[in-house]
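Protein chains get the first letters and strands the later ones, always in sequence-line order, with residue 1 at the start of each.
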Amino acid sequence: MDRDIDDDALPSLYRPSTILPISRHKRALLYTIETTPITILIGETGSGKTTQLPQYLDEAGWTKNGKMIACTQPRRVAATTVAMRVAEEMGVRLGEEVGYSIRFEDSTSPRTKIKYMTDGMLLREILVDPLLTKYSVVMVDEAHERSISTDLLLGVLKKIRRKRKDLRIVISSATLQAEEFLHFFTCSEEDEKEIQTLEKGQELARIVSVEGKVFPVDILYLESPAEDYVEKAIETVYDIHLKEGPGDILVFLTGRSEIDHAIDKISSLTSQLPSRSPQLLPLPLYAGLTTEQQLYVFEPAPENHRKVILSTPISEASVTVPGITFIIDTGFHKIRSYNPHTCISSLTVTPISQASATQRAGRAGRTKPGKCFRLYPESAFLSLPVSTIPELQRSDLAPVILQLKALGVDNIARFHFPSAPPPELVARALELLYTLGALDSYGKLTRPFGLRLAELPLPPPLAAIVLSSIDHNCHQQILSIASMTSVSSSIFLDHADSAKLTASKKRNFTADEGDHLTLLNVFLAFSSQPEKKKARWCHDNALNHQSLLRAASIRTQLARFLERWYPDLGSRTSSLATETTIRKCLVKGLFPFAAKMQPDGSFRLAGDTRSANGNRGEEQGKVYVHPSSVLFNRKAEWVVFQQLEEARGKRYIREVTKVQREWVVEAGGGYYTVGEKKR
DNA sequence: ACCCTACCA
């Protein structure tokens, strides 16, 4: 590895933009974009692509005639912080020439020329402006992360560009995936035809590379695989502490329990160190912590201490901890996958990809040279997949397909995805959407129901519940429930030290009918607190204040949709809706997810005919109420649920509500009998 | 009788 350090060793933030690596490529880049419809930009961290390229395009005249440059990001924080930085560089006020647009926050004006936004936000704009007429260039940043919305956006952009030959597309990608994107934009028959029509020397898509500006990171491997990567990581922390020079350590683990365990171990090791020698300061970092708790990792370590940050992959791309010298990469992460046959999603510890490993190593070396300890042999690295399987190929596709239908894509099989999803996932999603009434028997979006379902920013079953709440006169309560379930995982704070407290506080809100009404109770209690006392009240009740505020924003946004569709809504009162009405309404969207209690206290999924006579599928057919549910260890003959998850070989249902069999049959309108006949 | 990685509208 090249160990030379360049003379301009300034932190990127303070480096004048003229000496950013990308500035050397300015003219060539502008020429390529001018002459090539699709540019694939390989630019590593520190190249300045995200902040500089939109400015170059603006200078070069791409914002004339009132057109804008869009730059999409997979995350909200990135969209806002980059916009702030660029506004500052250009000496304009944020929200004027340079702005951003994310859910709940639109900081743009009619004068905006450069717009940073989440890719999900641009997809929503396409619903209203199908040809993106306001934009001259769309830059899709961090496309190599292959999130669902990025992939969907790429597919849709490919179609839009056919009808808008003046539109320029820039895809920014890490090295390893650039060829795949090139292939995606040039491989179809239509592409071939278009390439035939191009003038000599012209291309449909081209890869351009801009080198990054980072410090060297030494990569070290194990001789042989580690037996237990958590223990090995703890051991390595200790080794670094004793044998290496000063500098903080960042350890990548897969989840909270591993992190808690490692912190305990390191703390006890630290207490055995001689009191005058340098100490270790272990700190956790994962999304489940409140922002306040996350902030500790940004504070400099006290005198005579070395910070050890034990993190989930949140610090792979989303959170940048400054000043890290040593990386410990265990080589694993948890990923969600979805089984189309059982509709069960599971979260499994899986080896990372080479791309992730490279990304992790790069988290050192941002301000000075670093070292990365990979807790696996080099041969194992070489046999890792080049990149992680795109989310679209392992997720519930109902929301994706609903959105495509709303964008006018009727033939899903012929839609060109960057990576085609398995046909079973597509079939399963179509079936659910048909069952909910969003599609007719020809697979066309129903109107207005299906279209409205697509417009609501909720998972399709929940959107269906919200729409039917109007007929049930319980929209006030359902809006609160839908908003709460959108953030439900983070409502109740339960850290290792206060788990019992949380459990006892939670009891104050518990509704016998189940989790949905419990969430409603929490929301109503929160809303009734005076504005100034809300934060304190949340703290006292072991509730996450930020999550509740977010739920309140979501509720306001959802209510606006209903007001638009039902102008007389204000005159309808739903304050008197009973628990039964609310539960019947929940069944209108959750009937495909019903289960019946068995004598042993487990549940069997409705429509699952396997285990009735006790043959081979018996244990596999069982599901259990998750311990986080208020119905855990409670009696309930029939329930509906929102999530089905597998963990350690056992299946759990979460967000569970007691219902009656007749409601399920009525809402399902023959769904289950049809299902049985088919089998 | 036990835990949710990360992220978007």
Side-chain angles (χ1 to χ4, degrees), chain A residues 72-79 101-106 117-128 142 145-153 252-261 285-289 311-319 330 332-337 345-350 352 356 359 388 391-392 394-395 399-400 402-403 406 453-460 462-463 482-483 486-492 494-496 499 502-503 550 553-554 557-558 561 600-602 624-629 632-634 643 645-652 654-655:
Chain A
T72 72
Q73 298 292 325
R75 279 171 293 277
R76 298 159 54 93
V77 268
S101 174
I102 60 176
R103 188 178 186 182
F104 306 129
E105 277 176 70
D106 182 8
M117 63 212 300
T118 48
D119 32 30
M121 221 36 215
L122 188 61
L123 278 167
R124 292 275 154 177
E125 282 193 14
I126 299 174
L127 276 178
V128 187
E142 315 288 359
E145 289 187 19
R146 303 298 304 272
S147 73
I148 291 182
S149 37
T150 305
D151 271 16
L152 196 50
L153 183 59
F252 284 100
L253 294 167
T254 71
R256 189 156 97 186
S257 58
E258 285 177 12
I259 290 172
D260 290 343
H261 171 78
L285 181 60
Y286 48 84
L289 295 172
S311 171
T312 61
I314 193 176
S315 37
E316 217 175 282
S318 316
V319 175
T330 54
F332 288 93
H333 60 173
K334 275 187 196 170
I335 60 166
R336 182 177 291 286
S337 55
S345 66
S346 47
L347 210 55
T348 337
V349 174
T350 315
I352 59 170
S356 279
Q359 178 72 16
T388 311
E391 243 186 319
L392 247 168
R394 51 182 169 88
S395 305
V400 175
L402 186 60
Q403 203 159 14
L453 221 59
E455 281 191 64
L456 284 170
L458 288 172
L462 268 185
S483 312
S486 300
V487 292
S488 69
S489 55
S490 52
I491 293 281
F492 298 100
D494 49 348
H495 320 299
T502 304
R550 192 171 157 80
S553 308
I554 294 174
Q557 191 188 29
L558 296 176
F561 281 96
D600 67 350
S602 71
Y624 297 84
V625 173
H626 192 274
S628 67
S629 166
F632 178 63
N633 275 345
R634 298 272 202 100
Q643 282 191 76
E645 250 174 37
E646 195 171 78
R648 295 189 189 172
K650 241 177 144 180
R651 293 171 175 184
Y652 295 98
R654 308 170 76 104
E655 278 100 49

> Look at all strands and tell whether P313(A) reaches a base, only sugar-phosphate, or nothing, counting heavy atoms closer than 4.0 Å.
nothing

> Any donor-acceptor pair under 3.5 Å linking the side-chain atoms of E316(A) with those of S356(A)?
yes

> Starting from P on dC3(B), measure out to OH on Y624(A) and report it in whole angstrom.
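Atom-to-atom, Y624(A) to dC3(B), this comes out as 13 Å.
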
> Measure from CG on D151(A) to C1' on dA9(B) and round the result to the nearest Å.
17 Å

> Would you indicate, yes or no, if dC2(B) has its OP1 or OP2 atom less than 4.0 angstrom from a side-chain nitrogen or oxygen of S628(A)?
no

> Can we say R336(A) and E645(A) salt-bridge, meaning some charged N sits less than 4.0 Å from an Asp/Glu carboxylate O?
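Looking at E645(A) together with R336(A), the answer is yes, because their closest N to O distance falls below 4.0 Å.
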
> Take atom CZ of R550(A) and atom C1' of dC7(B), then tell me their distance rounded to the nearest Å.
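Nearest whole value for this atom pair: 10 Å.
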
> What is the distance, to the nearest angstrom, from the CD atom on E316(A) to the C1' atom on dT5(B)?
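Roughly 10 Å, once rounded to whole Å.
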
> Apply side chain to side chain contact (heavy atoms under 4.5 Å, CB included) to V349(A) and list each qualifying residue two or more places apart in sequence or on a separate chain.
Y229(A), T254(A), F332(A), K334(A)

> Only counting residues at least two apart or in another chain, list the ones meeting ring-ring contact (aromatic ring centres under 6.0 Å, His included) with Y652(A).
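Checked Y652(A) against ring-ring contact (aromatic ring centres under 6.0 Å, His included); matches are H626(A).
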
> Less than 4.5 Å apart, any side-chain heavy atom of L458(A) and any of P399(A)?
no

> Base, sugar-phosphate alone, or nothing: which one does I335(A) contact when heavy atoms must sit under 4.0 Å apart?
nothing

> For the atom pair CE (M121(A)) and OG1 (T72(A)), what is the distance rounded to the nearest 0.5 Å?
13.0 Å

> What is the distance, rounded to the nearest whole Å, between atom CD of E145(A) and atom C1' of dC8(B)?
12 Å

> Describe the nucleic acid contact of E391(A) in one word from base, sugar-phosphate, nothing, applying a heavy-atom distance below 4.0 Å.
base

> Is H626(A) near enough to dC4(B) that one of its side-chain N or O atoms lies under 4.0 angstrom from OP1 or OP2?
yes

> Could you check whether S318(A) gets within reach of a base, just the sugar-phosphate, or nothing at all, counting any heavy atom under 4.0 Å?
sugar-phosphate

> Taking the nucleotide of DNA chain B with the nearest heavy atom to each, does P459(A) or F632(A) sit closer to the 5' end?
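Closer to the 5' end of DNA chain B: F632(A).
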
> Counting any heavy atom closer than 4.0 Å, what does S147(A) reach on the DNA or RNA strands: base, sugar-phosphate only, or nothing?
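The answer is nothing, as S147(A) stays clear of every strand by at least 4.0 Å.
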
> Name the closest nucleotide to the L347(A) side chain, picking from dA9(B), dA6(B), dC4(B).
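When the side chain of L347(A) is considered, dC4(B) is the closest of dA9(B), dA6(B), dC4(B).
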
> What's the closest nucleotide to the M121(A) side chain, out of dA1(B), dA9(B), dC7(B)?
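My answer, after comparing the listed nucleotides, is dA9(B).
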
> With nearest nucleotides of DNA chain B determined for S257(A) and S486(A) from heavy-atom distances, which residue corresponds to the more 5′ nucleotide?
S257(A)

> Looking for any heavy atom pair under 4.0 Å, which part of the strands does I102(A) touch: base, sugar-phosphate only, or nothing?
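Contact class for I102(A): sugar-phosphate only.
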
> Let me know the distance between CD of E455(A) and C1' of dA9(B), rounded to the nearest Å.
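Value for this atom pair: 12 Å.
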
> D260(A) CG to dC2(B) C1': how many Å, rounded?
14 Å

> Give one of base, sugar-phosphate or nothing for Q643(A), where a contact means two heavy atoms less than 4.0 Å apart.
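Base, at least one base atom sits under 4.0 Å.
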
> Are OP1 or OP2 of dA6(B) and a side-chain N or O of K334(A) less than 4.0 angstrom apart?
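Result: no.
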
> Would you sort out whether D119(A) and L152(A) count as a side chain to side chain contact (heavy atoms under 4.5 Å, CB included), showing the intermediate values?
CA-CA 9 Å; D119(A) 32 30; L152(A) 196 50; over 6 Å; no

> For Q403(A), which contact category applies under a 4.0 Å heavy-atom criterion: base, sugar-phosphate, or nothing?
nothing

> Please report the distance, rounded to the nearest Å, between CZ in F252(A) and P in dA6(B).
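About 12 Å, once rounded to whole Å.
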
> The side chain of R336(A) is closest to which nucleotide in this list: dT5(B), dA1(B), dC7(B)?
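For the R336(A) side chain, the nearest candidate turns out to be dT5(B).
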
> Just checking R124(A): base, sugar-phosphate only, or nothing, at a heavy-atom cut-off of under 4.0 Å?
base

> Would you indicate what T312(A) reaches in the nucleic acid, counting non-hydrogen atoms under 4.0 angstrom: base, sugar-phosphate, or nothing?
sugar-phosphate

> Under 4.0 angstrom, heavy atoms only, what part of the nucleic acid is R654(A) near: base, sugar-phosphate, or nothing?
base

> Would you say a side-chain N or O of R76(A) is under 4.0 Å from OP1 or OP2 of dA9(B)?
yes

